[in-house]
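Single-structure report; data block below.
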Amino acid sequence: GKGVVWDGSTVARSSLWRNLFVPYIWLGAEERGLSFFAENDKGWVTEKGKSKKPVVELMDEGEKITLKVYLINRPVTLTEERKITFGLQASPTKPLREDWRIKIKDIPGGLAVVPFGGLSCPSQGPFADDWTIVDKIIECRSGKPFDTQWFKDYADKYKPPLVHGTWDWLNSVQHFAGRAASVGLTKPLTVYQEEMAAAMTRPEWYVFQDEWKIKDGPQERMVKPLSELGTGHRELGGGAGISFIKSYADFGIWMANEWLKRGVSLYWDNTYCKLSTNTRTTAAYVGEDGQIQPCLVIWNQREYQKRVWHLLQEWRRKRPEPLEWVIHMTNTLMLPVHTWATANLDHELGSSQPFSPEWLRTETIGRQVGNYPLSLYPVSGRGNKMLEALPKEQQEKIEWGMRAVHEIQRSGPLEKILTDFGYGQPGVFIHNYWEEEPVVEIDQPVVKWLVLSRPERKEALVVLASWSEEKTLWPEITFYPGRLGLTGKSITVSDAEKDIQLGGLISSGEPSRAARSSLRVELSGPWAVRILRVQSQ
């Protein structure tokens with residue numbers, strides 16, 4: 001429609017917000033965009049009291065979409081200076097590394113949610129901060145056998161409790177040692193280092209909790225005497241939301257450094273920004289109606305992650321092992337914070353249907369922040385009864401196809417076809433279906449594609465993936481041979497899996513960028529996947 005097409009009123013938001021403020025908005029496409037963000041409307045003049053008056057609006061003005069932000073949305077007489085803090089950031093924030101298509105297969109995704117030798121998600125380090133535990137585990141990375149007796153003696157002497165209250169500690173360290181041995185020294189070995197929450201049984205929390213916590217009020221204070229905490233996190237305890245103020249960042253940086261200096265890559269969980277009502281150490285404030293207007297903690301988290309990024313670069317220069325930083329976005333992508341990492345792990349939500357291509361392009365493909373794109377759960381959906389009724393091989397093929405056309409990390413037998421063709425290698429050009437000048441067009445929008453072309457060999461591969469539940473589709477594919485670099489007089493198209501020719505010869509006409517040739521192909525089965533081989537003669 002024209003005019004106001006969105007005003008923030010449909011956003012799912014915490015009940016703590018006193019109006020329709022939206023902390024983060026991104027407008028854009030796969031390869032470019034612009035974000036506006038602010039922790040809250042502190043310094044603005046906005047109606048509160050659960051007001052439904054717009055604070056932001058999107059305007060469709062024909063040739064452009066305009067974001068309108070109301071710094072003032074009610075009558076006021078300004079009598080004093082005020083400070084307003086907000087950010088604008090363009091995407092992509094950094095480029096993907098040139099060899100990302102080769103390296104992505106080795107980037108670890110989901111893993112046991114506890115540090116090596118640790119006791120709970122927010123432990124950050126090993127039991128009792130005894131780093132000899134970590135050093136003994138890492139020995140296995142270089143081929144040394146697991147020192148069973150050393151760990152048995154250690155467990156007998158210090159009696160670590162169950163990890164998460166359920167997992168035998170000795171079994172946990174054996175698990176991590178096995179991972180270290182299987183990964184070796186040439187691939188990233190990742191540890192669960194930061195949950196974006198503080199362990200409430202650490203002595204650091206007891207000292208710094210009033211700075212770190214994101215909730216207001218003395219009732220949120222943990223007042224257990226330090227003398228009862230022992231070594232700090234020998235006992236299990238919950239994680240507390242944190243403000244990422246400098247004292248916390250200093251602590252987190254120290255812990256991250258202990259892992260990086262040992263050649264261990266970082267995994268951070270739940271890196272979406274958190275809502276805070278702490279009016280002392282965050283931007284949350286008491287409004288004119290006497291209620292707290294919360295804030296989304298963006299700037300502190302950005303500064304913390306930026307510091308870790310610089311630390312990572314330092315250890316990349318010093319250590320021979322490949323070092324990466326995987327962040328679990330937990331269904332959120334924000335340019336100011338998520339650019340400071342090397343890999344995005346998306347999704348921790350259920351969907352009984354495949355995630356839409358629009359969703360995946362907006363959040364998952366990693367292009368906006370220059371990170372490897374990973375997905376924790378199937379992009380084809382979980383709990384999809386129709387999908388689950390299909391043979392396992394077909395389910396895996398559907399998942400592979402939906403990931404392949406978006407270049408999200410994947411595996412499976414079909415990947416060998418792409419690898420053998422030269423996917424990610426010099427001289428092989430990759431074309432995505434969202435390009436402004438596509439090399440292929442398909443008359444059915446539910447079918448998405450990825451094209452690999454090798455002009456010097458006059459051949460290309462086309463991966464087709466359908467988002468339709470229909471049993472059979474017959475999309476018409478239009479090829480642009482000139483854009484693909486296929487300059488021969490004719491083209492043959494065949495099924496890359498079955499090596500059978502489809503439709504005979506197609507005349508390519510003049511080898512200009514506008515010349516085209518078309519062919520209809522069959523896509524069989526719901527969410528069908530097919531790979532075509534295109535050759536020019």
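On a predicted model such as this, the values are computed, not experimentally measured, just so you know.
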Listed by chain and number, what are the side chain to side chain donor-acceptor pair (under 3.5 Å) partners of Trp434, not counting sequence neighbours?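 Listed in chain order: Glu31.
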Indicate the ring-plane relationship of Phe176 and Phe116, choosing parallel, tilted or perpendicular according to the 30° and 60° boundaries.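 Because their plane-to-plane angle lies in the 30° to 60° range, the rings of Phe176 and Phe116 count as tilted.
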Classify the ring geometry between Trp17 and Phe21 as parallel (under 30°), tilted (30 to 60°) or perpendicular (over 60°).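 Judged by the thresholds at 30° and 60°, the geometry between Trp17 and Phe21 is tilted.
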Any side-chain heavy-atom pair of Arg202 and Asp129 under 4.5 Å: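 Yes, their side chains come closer than 4.5 Å.
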Quick one: does Tyr24's side chain get under 4.5 Å of Val22's, heavy atoms only?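 No, their side chains stay 4.5 Å or more apart.
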Testing the 3.5 Å rule here: is there a donor-acceptor pair between the side chains of Lys48 and Thr46?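 Indeed, the side chains of Lys48 and Thr46 share at least one donor-acceptor pair under 3.5 Å.
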We want to know whether Lys94 and Asn371 form a side-chain donor-acceptor pair, criterion being a heavy-atom distance below 3.5 angstrom.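 Yes, a side-chain donor-acceptor pair sits under 3.5 Å.
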Within the side chain of [X], is there an N or O that forms a donor-acceptor pair under 3.5 Å with the backbone of [Y]?
| X | Y | value |
| --- | --- | --- |
| Asn270 | Met196 | no |
| Arg403 | Gln409 | yes |
| Ser265 | Glu324 | yes |
| Arg13 | Leu20 | yes |

Heavy atoms from other residues, nucleotides or ligands near NZ of Lys136 exceed 12 (cutoff 6.0 Å):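 Count over threshold, so yes.
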Return yes when atom CD of Glu61 has more than 12 non-hydrogen atoms of other residues, nucleotides or ligands closer than 6.0 Å, and no otherwise.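 Counting other residues, nucleotides and ligands, CD of Glu61 exceeds 12 neighbours.
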Ring centre gap for Trp268 and Tyr304 strictly below 6.0 Å: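 Yes - the distance between ring centres of Trp268 and Tyr304 falls below the 6.0 Å cut-off.
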